[in-house]
There are 2 protein chains.
Amino acid sequence: MPERRTRRKPRRHEQFASKKEAILNAAADLIVENGFENVSLADIARRLNVSKPTLYYYVESKDQLLFELHEIGFAAVKTALDAAQDSDRTGLERLEIFLRHYAEGGFTNFGRALVETGIRGLSPENEKRMRTRQRAADRMLENIIRDGVADGSIDAQTDPAIAANYLFGALNWIAYAPGDWSNLSPRKTARDYVAVICAGLLPRA
Amino acid sequence: MPERRTRRKPRRHEQFASKKEAILNAAADLIVENGFENVSLADIARRLNVSKPTLYYYVESKDQLLFELHEIGFAAVKTALDAAQDSDRTGLERLEIFLRHYAEGGFTNFGRALVETGIRGLSPENEKRMRTRQRAADRMLENIIRDGVADGSIDAQTDPAIAANYLFGALNWIAYAPGDWSNLSPRKTARDYVAVICAGLLPRA
DNA sequence: AATTTGCCTTACCGGTCGGTAGAATATCGC
DNA sequence: GCGATATTCTACCGACCGGTAAGGCAAATT
């Protein structure tokens with residue numbers, strides 16, 4: 001007796017999303033391996049064993065492909081920021097939560113591709129949009145630090161703007177040099193990394 | 001009476017070095033402005049008001065050009081490390097000296113081009129050489145931090161390897177986003193930046 | 001079974017890249 | 001002034017890029 005409707009073979013039009021996802025994943029992998037500018041659409045197609053025009057059935061242009069990668073990576077940043085909005089906690093606790101989420105994101109290929117690529121290669125409009133989001137994230141991190149200084153959980157002489165900047169720098173650096181520790185658990189590594197950084201922000205006598 | 005020999009017009013073969021320097025400077029400027037992959041040899045030639053083949057009279061290939069830029073940038077790193085080898089000082093003091101030099105280097109276009117480009121675009125041999133130097137610098141910084149932990153000038157729970165990594169990340173980030181503060185004095189900005197970072201490494205009760 | 005629709009192919013385009021050939025020109029030693 | 005040499009030019013090459021045209025084949029619809 002043939003299987004009933006519940007376990008049917010997926011109809012073709014239902015595969016569209018998953019195939020597009022495969023393209024995005026392959027693109028992220030290749031960008032991390034070789035850098036955005038060294039990845040051609042032919043490379044992506046080759047890795048997926050399809051022809052180059054096939055990609056255009058799923059993605060309208062290389063620019064758009066890059067932008068969608070950025071959006072996925074940025075969604076993780078947004079998640080990290082949302083997780084750190086619990087107003088019952090101190091600024092330092094919220095900062096640690098954010099940094100931990102962010103660092104974990106930095107170990108994924110989407111996160112690494114996001115940092116690796118920066119905003120290069122984006123069309124002017126998309127570059128503008130990404131820049132706006134980056135600044136927004138920067139300011140939110142800055143505000144968390146400011147809250148921490150205000151409630152005494154972070155050392156008083158910390159400059160929120162400078163600290164936000166160097167924290168992003170420190171964490172984004174993970175994206176460049178994670179090969180050395182890629183055999184370790186991202187979660188644990190992120191935890192250790194953040195612990196060391198945050199120790200430097202504790203208030204002192 | 002015409003000027004005597006001491007103030008003569010420079011002979012042609014003496015201009016070679018300065019012209020090559022001009023090429024390297026123009027390349028660094030353009031790389032910082034547009035990213036390495038978006039700078040063609042034609043762009044560099046155009047900025048210098050010469051034709052493209054002229055560049056090849058001074059530089060043997062784009063790969064070689066990039067490598068020489070890396071060498072200049074790396075010389076600054078070496079200088080920073082040498083300056084921090086004064087064994088009369090504590091580890092933290094030496095760390096501050098290094099970081100300040102390094103941060104200042106990060107504000108030059110050679111330093112920014114070095115970080116901006118990373119090791120992408122280098123031929124396999126040159127990539128290997130640069131990677132080796134990077135690791136060497138990383139270990140030297142690590143050792144300075146270790147000394148600081150040993151002599152008590154840096155907090156005991158600091159992990160030298162992780163700290164070295166995030167310090168490089170934090171400082172390299174300057175190379176990506178210095179546009180916002182480019183009107184300020186690099187020396188003062190570097191000093192402020194390093195002061196905030198180092199405050200986090202002081203020993204605590 | 002016939003036809004429409006979704007998916008993927010081969011073949012190709014214009015443009016740009018790094019790099020080169022070879023001639024033209026400016027400057028040097030003599 | 002003259003030949004040698006250092007410097008720069010115009011013109012061009014093959015490779016590769018992002019992107020497109022047009023059709024073939026298979027699955028879904030009828």
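Keep in mind that the numbers below use all heavy atoms, side chains included, and drop hydrogens, waters and symmetry copies. Just so you know, these numbers come straight off a predicted model, no measurement behind them.
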Novice: Tell me every residue that passes side chain to side chain contact (heavy atoms under 4.5 Å, CB included) with B/E60, counting only those two or more places apart in sequence or in another chain.
Specialist: B/Q64

Novice: Can you name the residues that form a salt bridge (Lys or Arg N to Asp or Glu O under 4.0 Å) with A/R46, not counting sequence neighbours?
Specialist: A/D43

Novice: With sequence neighbours left out, what residues match A/E21 under side chain to side chain contact (heavy atoms under 4.5 Å, CB included)?
Specialist: A/N25

Novice: For A/R135, what residues pass the side chain to side chain donor-acceptor pair (under 3.5 Å) criterion, not counting sequence neighbours?
Specialist: none

Novice: What ring-ring contact (aromatic ring centres under 6.0 Å, His included) pairs are there with at least one residue in residues 78-103 of chain B, not counting sequence neighbours?
Specialist: B/F98-B/Y102, B/Y102-B/F168

Novice: Rounded to the Å, how far apart are B/Q15 CD and C/dC28 C1'?
Specialist: 12 Å

Novice: Looking at A/K19, I'd like to know whether one of its side-chain N or O atoms comes within less than 4.0 Å of OP1 or OP2 on C/dC8.
Specialist: yes

Novice: Could you check whether B/K62 makes a cation-pi contact with B/F67, meaning its NZ or CZ is under 6.0 Å from the centre of the six-membered ring and within 45° of the ring axis?
Specialist: no

Novice: Please name all residues satisfying salt bridge (Lys or Arg N to Asp or Glu O under 4.0 Å) with A/K19, sequence neighbours left out, ordered by chain then number.
Specialist: none

Novice: Which of residues 20-31 of chain A sit near DNA chain D, with a heavy atom under 4.0 Å from it?
Specialist: none

Novice: Can you list, in residue-number order, the parts of residues 32-44 of chain A that come under 4.0 Å of DNA chain D, counting heavy atoms only?
Specialist: A/V39, A/S40, A/L41

Novice: By side chain to side chain contact (heavy atoms under 4.5 Å, CB included), which residues pair with B/A163, not counting sequence neighbours?
Specialist: B/I145, B/T158, B/Y166

Novice: Please enumerate all residues that pass salt bridge (Lys or Arg N to Asp or Glu O under 4.0 Å) together with A/R133, with sequence neighbours excluded.
Specialist: A/E71

Novice: Check DNA chain D against residues 47-72 of chain A and give the residues with a non-hydrogen atom under 4.0 Å, in numerical order.
Specialist: A/K52, A/P53, A/Y56, A/S61, A/K62

Novice: Just jot down the salt bridge (Lys or Arg N to Asp or Glu O under 4.0 Å) partners of B/D147, sequence neighbours excluded, or say none.
Specialist: B/R94

